[in-house]
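If you're wondering where the values come from, they're calculated on a predicted model, not measured in any experiment.
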Amino acid sequence: MKILKIAVYSVALVLFFSSCRKDDAIGNVDNIPGLGGDVWTPSAIDKWIYDSLVVPYNIDVKYKWNQFSVNQIEKNVVPPNESQVVPVMDAVRRIWAKPYIQETSLTFFNKYTPKYFVLAGSSAANPDGSATVGVAGGGRQISLFQLNYYKNKTYPGYVPADTTLQKDLFLTVHHEFSHIFDQTKRRPSSFDAVTSGGYSSDWINTDDVEARKNGFITAYASSAAGEDFAEMISFLLVYGDPGWKKLLAGISGTGSSGLTAANARIKLNTKADEIRKYFADSWGIDFNSLQTRVRAAVANEFY
């Protein structure tokens, strides 16, 4: 073993000194494969992305497959079907971009929105048993998974029961956009205080039903206050007031934290009120109006 190390080291020295000679020619570097970026003939998909997202919003979309771009190289993630790119991104535009623009302005939306979407066909399974369905990076990029499962009411064989999986896409986009708001103007500490004793890294070992008994919108919301904030916003927007009322009505029994169903509802409603106040005070946005716009877009997509 020691001999092998010495031999490798000796070769490395030879390579090092030979590479430092000033008269060594590096050859023609004008045509080294792989250093020119992705090159392909623009398609109808690329034209749609340019006309519908790049020009109005300065948002680009990476759909040509590169697992390094998805940043899930150690997991089994499949490429997106190209036929899904335009339907999904058009739905994202209608259910995310347009409601915010209508409620604020194009200038406001373009200032805060992520500028790059990376698309994948499936979710990414995690060692703890959870699955990654979306990732945001520094407020500039959102990776969306599960494109290959997307359907809306225009797809053959579509039934309303399909919407749970489909809505994950929009929950993801609104969730990640909520983080940008929070990182720009911090959510109030009064939001964190509502269920301050219930946050835990062990969230994977519970489910949404139990989480709601403890005052959390989802199990993932109980992982940290920042995730709770984003989960609340995304659920309220995508499912709207009818979905919110249905969720509250479905809470029954006592949670593992000892909360009664009535107290769990109080905590959830208190956090919803904190969100409405935050949007009004920090951003000048009428959250109820935004919620109505998003929910109408969701309903038009699926029903």
Are any of the side-chain nitrogens in Asp192 or Arg187 under 4.0 Å away from the carboxylate oxygens of its partner?
yes
When clusters are formed by joining ILVMFWY residues with side-chain heavy atoms under 4.5 Å apart, either directly or through shared neighbours, do Leu248 and Val194 land in the same one? no
### Phe229 ring center within less than 6.0 Å of Phe181 ring center
no
Q. Would Val159 end up clustered with Tyr303 when hydrophobic side chains under 4.5 Å apart are linked, directly or stepwise?
A. no
Nearest heavy-atom contact between Arg265 and Ile251 is NH2-O, 2.6 Å
Would you please indicate yes or no on a ring centroid separation below 6.0 angstrom for Phe216 and Tyr199?
yes
* Quick one: do Ser83 and Asn81 satisfy side chain to side chain donor-acceptor pair (under 3.5 Å)? Show the steps, please. => CA-CA 5 Å; Ser83 62; Asn81 293 331; 5.2 Å; no
Heavy-atom neighbours of Tyr50 OH exceed 12 at 6.0 Å: no
For this session: Look at the side chain of Lys153 and the backbone N and O of Asn300, then say whether any donor-acceptor pair between them is shorter than 3.5 Å.
Result: yes
Closest non-hydrogen contact found for Gln141 with Val118 is NE2-CG2, 3.5 Å
Review point. More than 12 heavy atoms of other residues, nucleotides or ligands under 6.0 Å from NZ of Lys246: is that the case?
Key: no
Any side-chain to backbone donor/acceptor pair from Gln166 onto Tyr149? Under 3.5 Å, distance only. yes
*Without swapping roles, check the side chain of Thr292 against the backbone of Asn288 for a donor-acceptor pair under 3.5 Å.*
yes
From the list Phe170, Phe177, Tyr57, ring pair (Phe, Tyr, Trp, His ring centres under 6.0 Å) partner of Trp96 resolves to Phe177
Practice item. Indicate yes or no: does Lys277 engage Asp273 in a salt bridge with an N to O separation below 4.0 Å. Key: no
